J.: 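Dumping the structure here so I can ask a few things about it.
Residue indices begin at 1 and follow the sequence shown. Please read these numbers as outputs of a predicted model, since none were measured by experiment.
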Amino acid sequence: MNEESFPRIEIGEWASQVLDWLTDNAEAVFDALSAAMGWVIQLLVDILLAPPVLVMILIFALIAWFVRSWQLALGTLVSFALIASMRQWENAMLTLALVLVATIVAVGIAVPIGIAAARNDRVSAVVKPLLDFMQTMPAFVYLIPAIIFFSVGVVPGLFATVIFALPPGVRFTELGIRQVDSETVEAGQAFGATPRQILRGIQIPLATPTIMAGVNQVIMLALSMAVIAGFVGADGLGKEVVASIASLNIPQGVEAGLGVVVLAIFLDRLTGALGDPGRYPHSLYRLVRDRFASS
């Protein structure tokens with residue numbers, strides 16, 4: 001018995017019809033989203049590119065020192081100077097803007113869903129297979145509806161990046177909330193705290209390290225997808241990688257790839273520090289906090 005023995009199920013045609021219906025009936029919504037997201041990304045790009053390169057490098061280094069340590073600040077200074085010396089600074093800032101906006105949107109969607117899944121088993125049962133589907137679907141497939149809805153450019157890249165990067169944020173948020181000690185929650189209930197107060201005052205603070213680990217994964221996936229978004233015309237390091245593949249330009253590909261690696265390491269270390277600032281005794285944040293605590 002071969003595959004011809006089975007009846008043909010036109011799942012692809014059904015999906016195409018759904019996309020056509022959405023395109024015909026929600027065009028105004030997609031146009032508004034495209035305009036809004038394009039404006040936000042361009043605004044962030046303008047902010048990142050407005051100061052001189054050296055000033056921005058120093059700002060990034062100070063952020064690294066404040067959040068984590070002087071060692072990370074020094075590494076940031078050297079690695080971002082390397083990006084500038086490779087003439088990839090503008091592309092790196094374009095990619096950083098895309099990743100930051102995608103992360104904010106993805107986390108803004110993922111955290112409430114994760115909280116709802118943690119507090120309701122039925123929601124969790126519905127969400128889990130959807131997350132499995134989103135994580136296992138090849139990343140390039142997300143570019144198809146993105147192009148249909150938003151044409152080409154940075155906005156379809158943002159759309160595909162958000163969809164691809166969202167699942168870890170939901171999973172880690174649910175995990176973090178569920179891992180909070182039940183006795184701690186019961187103690188809050190015994191003192192008359194409402195479910196909202198318990199969530200804001202007990203569960204979210206205790207789950208913050210796990211939630212930040214999810215944010216870290218969202219950022220890493222957003223960076224990987226931002227490169228793929230270069231195939232649909234999203235400017236930045238991803239577009240450089242695509243151009244290097246098309247022309248077999250090894251230097252261009254290596255330099256753009258190194259730019260992505262630098263951004264990934266910088267964002268990874270920052271989110272790790274934000275998840276547990278007490279682990280980094282040499283950060284300016286810790287020094288200032290301890291100084292005020294002792295006074």
J.: So, for Ala165 and Val218, which heavy atoms are closest and what is the spacing to 0.1 Å?
T.: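 What the structure gives for the nearest pair is O-CG2, 3.3 Å.
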J.: If Ile, Leu, Val, Met, Phe, Trp and Tyr residues are connected whenever their side-chain heavy atoms lie under 4.5 Å apart, and connections chain through other members, are Leu96 and Val53 in the same group?
T.: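 They do share one cluster, since a chain of ILVMFWY contacts under 4.5 Å joins Leu96 to Val53.
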J.: If I compare all heavy atoms of Val241 with all of Gly257, which pair ends up nearest, and what's the gap?
T.: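 Minimum heavy-atom contact is CG2-N, 4.5 Å.
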J.: Are Thr95 and Leu223 close enough that some pair of their side-chain heavy atoms sits under 4.5 Å apart?
T.: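 Answer yes - side chains close enough.
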J.: Is there a side-chain contact between Phe172 and Val215 in this structure, where contact means two heavy atoms from C-beta onward sitting under 4.5 Å apart?
T.: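 They are not in contact (no side-chain heavy atoms under 4.5 Å apart), so the answer is no.
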J.: Testing the basics here: between Pro167 and Met134, what is the closest heavy-atom pair and its distance to 0.1 Å?
T.: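 Closest approach of Pro167 to Met134, heavy atoms only: CG-CB, 3.8 Å.
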J.: Contact between Val78 and Leu82 at the side-chain level, heavy atoms closer than 4.5 Å - yes or no?
T.: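 Val78 vs Leu82: side chains apart.
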J.: Please check if Val262 and Ile59 belong to a single hydrophobic cluster, counting links between Ile, Leu, Val, Met, Phe, Trp and Tyr side chain heavy atoms closer than 4.5 Å.
T.: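 Yes; Ile59 is reachable from Val262 via cluster members.
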J.: Leu74 and Gln71: side-chain contact (heavy atoms from CB on, under 4.5 Å), yes or no, with the steps?
T.: CA-CA 5 Å; Leu74 181 60; Gln71 293 96 330; 5.8 Å; no
J.: In this structure, would Leu258 and Phe60 fall into the same cluster of hydrophobic residues linked by side-chain contacts under 4.5 Å?
T.: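 No, separate clusters.
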J.: Does one hydrophobic cluster hold both Met220 and Met137, with members joined at side-chain heavy-atom distances below 4.5 Å?
T.: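 Looking at the clustering, Met137 is in the same group as Met220.
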J.: Working to the nearest 0.5 angstrom, can you tell me the gap between Phe266 CZ and Thr271 OG1?
T.: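 One gets 10.0 Å once the value is rounded to the nearest 0.5 Å.
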J.: What's the separation between atom CG in Leu77 and atom CG in Leu72, rounded to the nearest 0.5 Å?
T.: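 Here the interatomic distance stands at 11.0 Å.
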J.: Which residue in the set Val162, Leu158, Thr161 passes side-chain contact (heavy atoms from CB on, under 4.5 Å) when paired with Val101?
T.: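 So the option named by the test is Leu158.
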J.: Is any side-chain heavy atom of Arg178 less than 4.5 Å from a side-chain heavy atom of Ser124?
T.: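 Answer yes - side chains close enough.
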J.: How far apart are the closest heavy atoms of Ala125 and Pro129, and which atoms are they?
T.: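 Minimum heavy-atom separation between Ala125 and Pro129: O-CD, 3.0 Å.
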J.: Measure the shortest side-chain to side-chain distance between Leu237 and Leu263 over non-hydrogen atoms and say whether it is less than 4.5 angstrom.
T.: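 Yes, at least one pair of side-chain atoms sits under 4.5 Å.
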J.: Using a 4.5 Å cut-off on heavy atoms from C-beta on, say whether the side chain of Asp268 contacts that of Ile219.
T.: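 No, every pair of side-chain atoms sits at 4.5 Å or beyond.
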J.: When rounded to the nearest 0.5 angstrom, what is the spacing between CZ in Arg171 and CG in Leu166?
T.: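 Output value for this atom pair is 11.0 Å.
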J.: Group every Ile, Leu, Val, Met, Phe, Trp and Tyr by side-chain heavy-atom contacts under 4.5 Å, then state whether Ile47 and Phe80 land in the same group.
T.: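 Yes; tracing contacts between hydrophobic side chains, which count when under 4.5 Å, links both residues.
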J.: Out of curiosity, Trp89 CH2 to Leu48 CG, how far, rounded to the nearest 0.5 Å?
T.: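 Taking CH2 in Trp89 and CG in Leu48, the distance rounds to 8.5 Å.
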J.: Go through the structure and list residues passing side chain to side chain contact (heavy atoms under 4.5 Å, CB included) with Thr136, not counting sequence neighbours.
T.: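 Thr136 satisfies side chain to side chain contact (heavy atoms under 4.5 Å, CB included) with no other residue.
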J.: Can you tell me how far apart CE (Met56) and CD1 (Ile83) are? Round to the nearest 0.5 Å.
T.: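 Reported to 0.5 Å precision, the distance equals 11.5 Å.
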J.: Might you point out which heavy atoms bring Ala110 and Gly169 nearest each other, and give the distance in Å?
T.: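 So the two residues come closest at CB-C, 3.6 Å.
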J.: So, does Ser34 use its side chain to make a donor-acceptor pair with the main chain of Asp31 at under 3.5 Å?
T.: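 It does not hold such a pair.
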J.: Quick check against the 3.5 Å criterion: does Arg119 have a side-chain atom that pairs as donor or acceptor with the backbone of Ala117?
T.: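 Answer holds: no.
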J.: Does the side chain of Ile204 reach to within under 4.5 Å of the side chain of Ile177, using non-hydrogen atoms?
T.: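 Ile204 reaches Ile177 side chain to side chain.
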J.: So, using ring-ring contact (aromatic ring centres under 6.0 Å, His included) as the criterion, who are the partners of Phe164 when residues are at least two apart?
T.: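 None.
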J.: Taking the side chain as C-beta and beyond, is there a heavy-atom pair between Asn216 and Met212 under 4.5 Å?
T.: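 Answer no - side chains too far apart.
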J.: What are the two closest non-hydrogen atoms of Ile109 and Pro112, and how far apart are they?
T.: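 Heavy-atom minimum between the residues: O-CD, 3.4 Å.
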J.: Could you walk me through whether Leu62 and Trp65 pass side-chain contact (heavy atoms from CB on, under 4.5 Å), step by step?
T.: CA-CA 5 Å; Leu62 287 173; Trp65 182 32; 4.2 Å; yes
J.: Around atom CD of Glu90, are there more than 12 heavy atoms of other residues, nucleotides or ligands at under 6.0 Å?
T.: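 Atom CD in Glu90 is not crowded, with 12 or fewer foreign heavy atoms closer than 6.0 Å.
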J.: Using the side-chain contact (heavy atoms from CB on, under 4.5 Å) definition, which of the options Thr173, Asn120, Val123, Val170 pairs with Ile115?
T.: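 Exactly one candidate clears the test, Thr173.
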J.: CG/Leu49 to CG/Leu44 distance, rounded to the nearest 0.5 angstrom?
T.: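 With rounding to 0.5 Å, CG (Leu49) is 9.5 Å from CG (Leu44).
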